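See below for the structure under consideration.
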Protein chains: 2
Amino acid sequence: MKAKQPEQPNGVKEIARRAKVSIATVDRVIHNRPGVSAKTRTKIEKIIQELNYQPNIIASRLASRKVLNLAILIPAKSIETEYWEILLAGVLQAEEEIRQMGVRIHRYFYDFNDRSSFPKAAKQLLKNEVDGVLLAPLFIEEATDFCGQLQEKNVPFVFINSDLPGLDSLSYVGPELFRSGYLAAHLMSYCIGLKDKILVVNMTKQKEGIHPLLRKEEGFREYFGEKPSRIVKTDALETSDDTVERKVAAALAADPAIKAIFVTSSRVHNIARYLETAGKNGILLMGYDFLPENVAWLQKGMIDFLICQKPQEQAYRGIMTLYQHLVLGIAVEKEHFMPIDIITRENHMYYKN
Amino acid sequence: MKAKQPEQPNGVKEIARRAKVSIATVDRVIHNRPGVSAKTRTKIEKIIQELNYQPNIIASRLASRKVLNLAILIPAKSIETEYWEILLAGVLQAEEEIRQMGVRIHRYFYDFNDRSSFPKAAKQLLKNEVDGVLLAPLFIEEATDFCGQLQEKNVPFVFINSDLPGLDSLSYVGPELFRSGYLAAHLMSYCIGLKDKILVVNMTKQKEGIHPLLRKEEGFREYFGEKPSRIVKTDALETSDDTVERKVAAALAADPAIKAIFVTSSRVHNIARYLETAGKNGILLMGYDFLPENVAWLQKGMIDFLICQKPQEQAYRGIMTLYQHLVLGIAVEKEHFMPIDIITRENHMYYKN
DNA sequence: GCTTTGTGCGTGTACGTACCCGAAAGTAGT
DNA sequence: ACTACTTTCGGGTACGTACACGCACAAAGC
């Protein structure tokens with residue numbers, strides 16, 4: 001079934017043989033450690049070039065029992081949204097894949113309704129030795145501060161979910177939010193009449209708004225740049241169900257031309273519930289994220305489109321980016337934008353977050 | 001930077017110690033080899049259970065220099081479509097990832113315009129020892145025959161691109177074609193008026209039609225089940241540009257109610273080119289596959305939607321499925337349906353095949 | 001009684017790399 | 001020339017598993 005074949009005949013041993021030195025010396029050169037004369041070093045480096053030496057990472061891993069400690073810092077899961085739990089699944093997936101390679105992942109959580117919880121969790125994180133960090137920087141100031149400390153310690157960090165371009169992150173893995181909003185607008189424009197109006201709903205408790213949501217709205221508005229009057233906006237600062245219902249009901253009553261609703265977050269299921277109980281079936285509803293609750297409304301036909309950006313894969317790729325950088329020494333992409341996926345009643349069963 | 005920690009204290013050594021036997025005996029039990037009394041075997045198996053022993057695949061791989069020979073059997077790339085080349089990229093990606101684990105992938109190609117080329121390539125493939133096969137079974141009879149031979153030899157095989165449910169494949173990785181067509185119809189119905197008609201174009205040289213394309217059309221028709229009169233069909237048996245142009249032009253002239261065109265394959269760029277030269281801008285155009293040529297027309301706005309099913313990922317996952325089954329001994333999904341992705345002008349730049 | 005055959009099991013080496021430890025060679029100071 | 005020290009390097013072992021080899025013992029055959 002399996003044929004045996006010799007392979008990889010040029011490892012450190014072959015290099016040592018050619019350079020007429022011992023394996024240990026070659027090892028010192030490869031790992032850039034002291035204790036080798038410049039002359040010997042140069043000679044060995046030349047031979048490594050010639051042989052195009054690729055270290056056997058299998059053997060390497062077996063020999064060095066080093067452990068790579070990674071950490072994640074994201075919002076804790078909450079009753080408000082399962083989003084962060086899905087993301088966590090991606091972390092688990094990556095962990096299982098690279099555990100054999102000696103990677104350990106430590107989890108730290110903060111409360112996305114409470115700014116002050118971020119530095120607390122960050123402080124906990126910094127207590128232990130860490131080689132790399134994956135974080136969702138929801139609070140700009142706090143995250144900036146934290147990343148500064150990481151940089152001092154020379155610990156690389158990767159952003160997911162939303163980017164902070166100013167900081168010197170190893171990479172960003174996540175959506176291009178502006179584009180995502182623009183796409184939503186384009187898709188919506190296909191589906192409604194030229195004189196129909198659109199209601200934009202922005203649900204959050206933070207009175208100053210949340211950056212990712214605002215970015216999406218900007219992109220959305222950009223598409224309708226020439227006719228901004230087609231967009232009606234209601235901010236539902238409270239997120240309790242009846243507040244939402246009242247605001248939406250008021251908006252719909254005030255302008256009967258509204259034929260579509262765009263929700264900038266995963267809370268679109270709240271609107272779907274309202275539309276059903278209010279018996280308003282003719283309204284196109286679009287929102288974000290492939291959460292079970294949203295999918296249920298998609299199936300019922302109350303939600304027409306969901307735009308999704310693979311939170312699980314974001315986390316998976318984020319971890320893998322750190323791994324590739326730290327273990328394999330591979331150069332990594334500075335930005336890895338997630339696809340902007342359009343989910344409907346027909347394709348949702350094949351979608352993977 | 002990296003802390004040293006002991007790990008995996010219960011390997012074969014620990015099992016051997018507890019069972020009061022040698023490592024070799026434990027090894028015999030683990031690999032199910034003869035030379036162990038039933039009593040000893042049972043005892044060791046019990047301990048393995050207790051310890052929840054997970055073999056160190058790193059060390060395992062290093063010790064056994066076995067090579068796993070996989071083979072792929074797909075259409076060769078052609079001037080007609082780059083589709084198969086993209087798929088090949090997925091094979092390469094998987095190969096690089098698992099080469100260190102001793103996997104070798106051998107490539108065999110046939111001509112998708114020539115049935116007889118399939119058994120020829122298959123014969124070549126069978127000449128060498130193979131542990132697993134990944135194939136795109138475009139020709140039903142020939143593929144059935146080949147898979148029968150594989151089954152006799154006890155060689156597992158995985159289908160990609162399209163399925164042959166009757167045969168006992170290890171897995172199928174690819175789209176659910178019927179759904180895909182249905183989704184296309186739904187999406188289209190959002191975008192055109194109730195009285196508008198749709199032209200379905202089926203481009204192929206095979207006079208009996210090609211299974212995947214027909215499946216998509218079936219799904220498409222299913223959506224309009226109640227009003228089949230809205231669908232106009234033209235088969236473009238020849239695939240040369242002017243034949244296509246003539247047929248489409250004739251269809252459009254014959255029925256001015258046609259406001260949308262659905263192409264069941266990646267050849268949608270041919271139609272796009274025609275529509276541009278003919279100056280017909282008001283027609284919605286939808287087709288398949290994220291090929292550079294199609295994307296170019298998407299950017300120009302001539303193609304409105306592309307439906308894609310990640311050929312590269314299909315190949316990648318197909319190979320990985322074989323790997324997981326053969327090397328890791330993991331149970332694999334019998335069917336892995338690819339997402340049905342909707343690509344537009346706005347999200348194409350973030351799409352990965 | 002002897003050899004032969006087979007079963008059950010342990011010893012030992014190998015995979016390719018990492019790294020400890022100590023040897024040898026070189027340098028400097030007295 | 002001696003000690004004291006540094007620099008440069010090689011020997012050797014370990015990582016956890018795979019497997020060739022061979023040994024001990026028992027049953028079977030003469």
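Protein chains get the first letters and strands the later ones, always in sequence-line order, with residue 1 at the start of each. All values reported here derive from a predicted model rather than from experimental measurement.
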When you measure from the side chain of [X], which nucleotide among [options] comes out closest?
| X | options | answer |
| --- | --- | --- |
| Ala24(A) | dA18(D), dT17(C), dG10(D) | dG10(D) |
| Asp27(A) | dA18(D), dT17(C), dG10(C) | dT17(C) |
| Val12(A) | dT17(D), dT17(C), dC19(D) | dT17(C) |
| Ala59(A) | dG16(C), dC9(D), dC19(C) | dG16(C) |
| Leu62(A) | dC19(C), dT17(C), dG16(D) | dG16(D) |
| Lys13(A) | dC19(D), dG10(D), dC15(C) | dC15(C) |

Inset, instruction - Identify, with sequence neighbours excluded, every residue that meets side-chain contact (heavy atoms from CB on, under 4.5 Å) alongside Arg41(A). - result: Val29(A), Asn32(A), Val36(A), Glu45(A)

Inset, instruction - Identify, with sequence neighbours excluded, every residue that meets side-chain contact (heavy atoms from CB on, under 4.5 Å) alongside Ala63(A). - result: none

Could you state the atom-to-atom distance from [atom1] of [X] to [atom2] of [N] in whole Å?
| X | N | atom1 | atom2 | result |
| --- | --- | --- | --- | --- |
| Arg65(A) | dC19(C) | CZ | P | 9 Å |
| Arg17(A) | dG10(D) | CZ | P | 15 Å |
| Ile30(A) | dC19(C) | CD1 | C1' | 13 Å |
| Ile58(B) | dA18(D) | CD1 | C1' | 15 Å |
| Asn10(A) | dT17(C) | CG | C1' | 15 Å |
| Arg28(B) | dC9(C) | CZ | P | 8 Å |

Inset, instruction - Could you say whether Ala63(B) or Ser60(A) is positioned toward the 5' end of DNA chain C, judged by the nucleotide with the nearest heavy atom to each? - result: Ala63(B)

Legend entry - Test item: Tyr53(A) and Ile47(A) side chains (from C-beta on) under 4.5 Å apart, heavy atoms: no

Inset, instruction - Check whether any side-chain heavy atom of Pro75(A) sits under 4.5 Å from a side-chain heavy atom of Leu138(A), and report yes or no. - result: yes

Between [N] and [X], is there an OP1 or OP2 to side-chain N/O distance shorter than 4.0 Å?
| X | N | value |
| --- | --- | --- |
| His31(A) | dC19(C) | no |
| Ser22(A) | dC9(D) | no |
| Lys66(A) | dC19(C) | yes |
| Tyr53(A) | dG16(C) | no |

Inset, instruction - Please identify each residue that fulfils salt bridge (charged side-chain N to carboxylate O under 4.0 Å, His left out) with Glu82(B), with sequence neighbours left out. - result: none

Legend entry - salt bridge (charged side-chain N to carboxylate O under 4.0 Å, His left out) partners of Lys352(B), counting only residues at least two apart: none

Show every donor-acceptor pair shorter than 3.5 Å between a side-chain atom in residues 312-334 of chain A and any protein atom, with sequence neighbours excluded, or say none if there are none.
residue, atom, partner, partner atom, Å
Gln312(A), NE2, Gln93(A), OE1, 3.1
Glu313(A), OE2, Arg317(A), NE, 2.7
Glu313(A), OE2, Arg317(A), NH2, 3.0
Gln314(A), OE1, Asn161(A), N, 3.0
Gln314(A), NE2, Gln309(A), O, 2.8
Tyr316(A), OH, Glu97(A), OE1, 3.4
Tyr316(A), OH, Glu97(A), OE2, 2.7
Thr321(A), OG1, Arg317(A), O, 2.7
Glu333(A), OE1, His336(A), ND1, 2.8
Lys334(A), NZ, Ser169(A), O, 3.2
Lys334(A), NZ, Ser169(A), OG, 3.3

Inset, instruction - For Asn128(B), check side-chain hydrogen bond (donor to acceptor under 3.5 Å, both in side chains) against everything at least two apart and list the hits. - result: Tyr108(B)

Inset, instruction - Using five base pairs at each end, measure the axis-to-axis angle across the helix from dG1(C)-dC30(D) to dT30(C)-dA1(D) and round it to 10 degrees. - result: 60°

Inset, instruction - Report the residues that fulfil ring pair (Phe, Tyr, Trp, His ring centres under 6.0 Å) with Phe109(A), sequence neighbours left out, ordered by chain and then residue number. - result: none

Legend entry - Polar side-chain contact Arg61(B)-dG16(C) base: donor and acceptor under 3.5 Å: no

Legend entry - Residues touching DNA chain D, which here means a heavy atom under 4.0 Å, drawn from residues 32-52 of chain B: Arg33(B)

Legend entry - Lys127(A) versus Gln124(A), side-chain donor and acceptor atoms under 3.5 Å: yes

